[in-house]
Amino acid sequence: MRYTMHKFIMGLSMIGLLAFTACEIDTVVDPNNPSLGGVTSDASPVAMQGLVTGLEARHRGYVENAGELFGVLGREAYAFFGSDPRFIADWLGLEVDDTYPDFFASAGTYVNPYLAVKQANVMIEAANNSSQLSNEDVFGYTGFAKTIKGYQLLWPLMQQYENGIRVDVEEPLNPGPTLSYDDALAAIRDILDEGFTDLDKAGGTFNFTLSSGFAGFDSPDGMKQINRAIAARVALYQEDYPGALTALQGSFMDLSAATAEAMNVGPSHPYGESPDVNNPLFYNIDAPSSTVLCVHPSMLEDALPGDLRVANKFAERVNNPISDQGLVDAGTGQPIIGQYQDARWASNTSSVPMMRNEELILIYAEAQARQGGDAVSAINTIRNTWGVGNYTGATDTESLIDEIVFQRRYSLWLEGHRWVDARRLGRLDEVDNREGGVVFTQISRRVSEISWDEG
């Protein structure tokens with residue numbers, strides 16, 4: 001129906017245009033807003049650089065929602081946002097708002113990633129249609145774009161889960177089918193593999209410049225390491241543990257890491273002052289405000305003594321605890337207070353990681369545990385880095401998975417993993433639900449998608 005209406009409107013526009021053909025109006029070209037056709041027909045290296053920079057900007061769009069929404073769904077945090085009580089009521093499943101058909105404030109991990117995917121698709125088309133680029137240059141652009149595209153598609157899939165997502169969106173008015181969770185993962189992995197193949201043909205250097213977020217990875221070989229890191233995450237979700245280990249071999253994983261700095265190695269999203277945007281997860285420590293991302297109490301209660309991750313990531317709100325948003329412990333009937341907040345960022349221009357070596361080590365540990373390999377060494381690398389000593393528990397598979405999931409909970413806090421981990425491992429019932437709400441399995445399918453399928 002909407003497509004028919006679109007054609008009808010276009011028809012009216014053409015009638016209006018024909019009515020004025022007697023007048024000659026010079027075409028006005030806005031240099032700040034070049035046409036899509038102008039970019040994709042025979043793009044210059046300068047135009048291609050603009051597409052690369054735009055893709056990096058779009059690439060950051062998921063960060064806030066992945067940390068905040070996914071963090072609340074997995075009971076890692078409370079979004080005490082005084083601007084709207086639904087950040088508490090809806091995200092914790094305390095209320096169901098039937099008048100709001102799309103899940104409240106979930107576009108950041110759905111719409112924003114698809115904007116990045118669109119940008120990547122434009123860049124791929126522009127590179128392939130340009131006569132001003134060498135073959136190696138073209139493969140550099142397409143390999144980079146496909147790597148980012150594969151990463152971005154994971155975010156809507158993780159929120160939609162069994163609803164599935166569209167992966168083929170090259171034609172906005174004629175998108176591909178909605179794929180199941182498993183089929184979407186397979187398609188994303190194919191995109192990453194295509195990107196890796198392209199990067200392998202891209203020569204020794206890129207014909208474009210990347211931001212500081214890709215420092216150390218701003219070459220085809222460096223981008224291949226990022227590509228394989230993402231592929232390892234996808235393989236883990238597919239329960240393809242040999243595939244995960246193979247991908248990790250080509251990634252930037254460093255199993256000898258023994259410091260916080262070594263754990264944090266990986267690509268990131270840089271932020272800056274205006275005209276750039278600020279780090280969306282930064283909140284001033286203990287500032288008098290009703291808008292703060294606070295730590296879920298279970299994170300403090302379940303932590304191991306002396307865990308440096310707690311000291312590094314959580315800051316106590318000594319003077320300004322959040323207690324005025326009506327959140328109540330269903331078991332005790334007592335108000336839940338936001339006593340600690342996110343303290344990971346030094347300022348509003350701090351970079352936010354895209355992927356880190358610490359995640360790769362934990363993927364390695366889980367893949368090894370599933371296959372009877374040496375997971376303990378990798379677990380101990382994580383534990384000793386953060387001051388909690390060697391693992392001394394049982395070494396059967398389930399015990400090792402318990403330990404790895406626990407370490408992922410603290411190592412990857414608010415990076416978009418806890419809710420996904422609990423779901424993929426069948427442990428949503430283990431998520432602390434003291435609020436008495438709903439621990440969601442997935443986010444409701446967006447109305448726009450349902451309407452499209454219904455025609």
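Nothing fancy with the numbering, it's 1 onward along the sequence.
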- Check for a donor-acceptor pair, side chain of Glu430 on one end and backbone N or O of Ala422 on the other, with a separation under 3.5 Å. no
- Message: Could you walk me through whether Ile443 and Thr109 satisfy the side chain to side chain contact (heavy atoms under 4.5 Å, CB included) test, starting with their C-alpha distance in whole Å, then the side-chain angles of each, then the deciding distance to 0.1 Å, before giving a yes or no?
- Response: CA-CA 10 Å; Ile443 300 302; Thr109 43; over 6 Å; no
- When you look at Arg58 and Asn112, which way does the side chain to side chain contact (heavy atoms under 4.5 Å, CB included) test go after all the steps? CA-CA 7 Å; Arg58 294 288 194 195; Asn112 288 355; over 6 Å; no
- Exercise: identify the closest heavy-atom pair between Met123 and Tyr141: CE-O, 3.4 Å
- Is there a donor-acceptor contact under 3.5 Å from the side chain of Gln341 to the main chain of Val292? no
- Looking at side-chain heavy atoms only, is the closest gap between Gln371 and Leu245 below 4.5 Å? yes
- Message: Before you tell me yes or no, could you show the steps for His269 and Tyr62 under side chain to side chain contact (heavy atoms under 4.5 Å, CB included), namely the whole-Å CA-CA distance, both residues' side-chain angles and the distance that decides it to 0.1 Å?
- Response: CA-CA 11 Å; His269 303 289; Tyr62 74 93; 2.8 Å; yes
- Message: What I want to check is whether the side chains of Gln49 and Thr53 have a donor and an acceptor closer together than 3.5 Å.
- Response: yes
- Query: Counting distance only, does the side-chain N/O of Asn227 pair as donor-acceptor with the main-chain N or O of Leu192 below 3.5 Å?
  - Reply: yes
- Message: So, taking the atom named OG1 in Thr205 and the one named CG in Asp221, what distance separates them when rounded to the nearest 0.5 Å?
- Response: 10.5 Å
- Message: By the definition side-chain contact (heavy atoms from CB on, under 4.5 Å), identify the one residue from Leu400, Val405, Ile361, Leu425 that meets it with Glu366.
- Response: Leu425
- Do the side chain of Tyr410 and the main chain of Leu304 share a donor and acceptor less than 3.5 angstrom apart? no
- Quick one: do the Arg446 and Ser106 side chains pair a donor with an acceptor below 3.5 Å? yes
- Message: Between Asn433 (side chain only) and Gly437 (backbone N and O only), is there a donor and an acceptor less than 3.5 Å apart?
- Response: yes
- Message: For the CG atom on Asp429, are there more than 12 heavy atoms of other groups (residues, nucleotides or ligands in this structure) within a distance under 6.0 Å?
- Response: yes
- Which atom names give the shortest non-hydrogen contact between Ile336 and Phe80, and what distance separates them? O-CZ, 4.3 Å
- Item | Spacing of CD1 belonging to Ile230 relative to CG belonging to Leu360, to within rounding of 0.5 Å | 10.0 Å
- Query: Any luck finding a side-chain donor-acceptor pair between Ser411 and Arg309 under 3.5 Å?
  - Reply: yes
- Query: Do the non-hydrogen side-chain atoms of Met299 and Lys313 ever get within less than 4.5 Å of each other?
  - Reply: no
- Note on the structure: In Phe70, Trp91, Phe103, the residue satisfying ring-ring contact (aromatic ring centres under 6.0 Å, His included) with Phe440 is Phe103
- Task: For the pair Ser219 (side chain) and Gly222 (backbone), establish whether a donor and an acceptor sit closer than 3.5 Å, ignoring hydrogens and angles.
- Result: yes
- Item | Any donor-acceptor N or O pair under 3.5 Å, side chains His417, Glu76 | no
- Query: Ring centroid separation for Phe314 and Tyr340, is it under 6.0 angstrom?
  - Reply: no
- Message: If you compare all heavy atoms of Gly150 against all heavy atoms of Ile191, which two are closest, and at what distance to 0.1 Å?
- Response: N-CG2, 4.1 Å
- Item | Output field: ring centroids Phe282/Tyr271 closer than 6.0 Å | no
- Message: Looking at Arg370 and Glu239, is there a salt bridge between them, counting it only when a charged N and a carboxylate O are closer than 4.0 Å?
- Response: no
- Message: Can you give me the closest heavy-atom contact between Phe252 and Gly266, atom names plus distance?
- Response: CE1-CA, 3.7 Å
- For the atom pair CE (Met48) and CG (Leu133), what is the distance rounded to the nearest 0.5 Å? 6.0 Å
- Is it true that a side-chain atom of Asn380 and a backbone atom of Tyr391 form a donor plus acceptor pair closer than 3.5 Å? yes
- Least distance between heavy atoms, Ile322 atom then Cys294 atom: CG1-SG, 4.0 Å
- Given side chains that start at C-beta, do those of Asp342 and Trp413 come closer than 4.5 Å, heavy atoms only? yes
- Look up atom CD in Gln225 and atom CG in Leu248, then write down how far apart they are to the nearest 0.5 Å. 12.0 Å
- Message: Please determine whether a side-chain nitrogen of the Lys or Arg among Arg424 and Asp421 lies less than 4.0 Å from a carboxylate oxygen of the Asp or Glu.
- Response: yes
- Query: Would you say the side chain of Arg427 lies within less than 4.5 Å of the side chain of Asp402, judging by non-hydrogen atoms?
  - Reply: yes
- In Å and rounded to the nearest 0.5 Å, what is the CD1 to CD distance from Ile382 to Glu358? 4.5 Å
- Query: For Asn163 and Glu449, what are the C-alpha separation, side-chain angles and deciding distance, and is it a side chain to side chain contact (heavy atoms under 4.5 Å, CB included)?
  - Reply: CA-CA 11 Å; Asn163 290 331; Glu449 288 290 325; over 6 Å; no
- Item | Minimum heavy-atom distance Ile165-Tyr114, with the two atoms named | CB-OH, 3.5 Å
- Decide yes or no for Asp254 and Val265: does some side-chain heavy atom of the first lie under 4.5 Å from some side-chain heavy atom of the second? no
- Task: Look only at the side chain of Thr147 and the backbone of Gly143, and say whether a donor-acceptor pair between them is shorter than 3.5 Å.
- Result: yes
- Task: Please check if the side chain of Gln119 supplies one atom and the backbone of Leu51 the other of a donor-acceptor pair under 3.5 Å.
- Result: yes
- Query: Got Leu92 and Arg75 here, is their nearest side-chain heavy-atom distance under 4.5 Å?
  - Reply: yes
- Check whether the side chains of Thr40 and Asn129 place a donor and an acceptor atom closer than 3.5 Å, and report yes or no. no
- Message: Please tell me whether Phe87 and Tyr78 form a close aromatic pair, meaning their ring centres lie under 6.0 Å apart.
- Response: no
- Message: When you compare the side chain of Glu415 with that of Arg344, does any pair of heavy atoms fall below 4.5 Å?
- Response: yes
- Task: Give, for atom CG of Asn357 and atom CG of Leu362, the distance between the pair rounded to the nearest 0.5 Å.
- Result: 9.5 Å
- Task: Report the relative orientation of the aromatic rings in Phe214 and Phe144; use parallel for angles under 30°, tilted for 30 to 60°, perpendicular for over 60°.
- Result: perpendicular
- Task: Given salt bridge (charged side-chain N to carboxylate O under 4.0 Å, His left out), test Glu170 with Lys149 step by step and report yes or no.
- Result: CA-CA 12 Å; Glu170 281 83 358; Lys149 179 179 176 178; 3.0 Å; yes
- Message: In the structure I gave you, are the side-chain heavy atoms of Val431 and Arg418 within less than 4.5 Å of one another anywhere?
- Response: yes
- Query: So, the side chain of Ser130 versus the backbone of Ala126: is there a donor-acceptor pair under 3.5 Å, distance only?
  - Reply: no
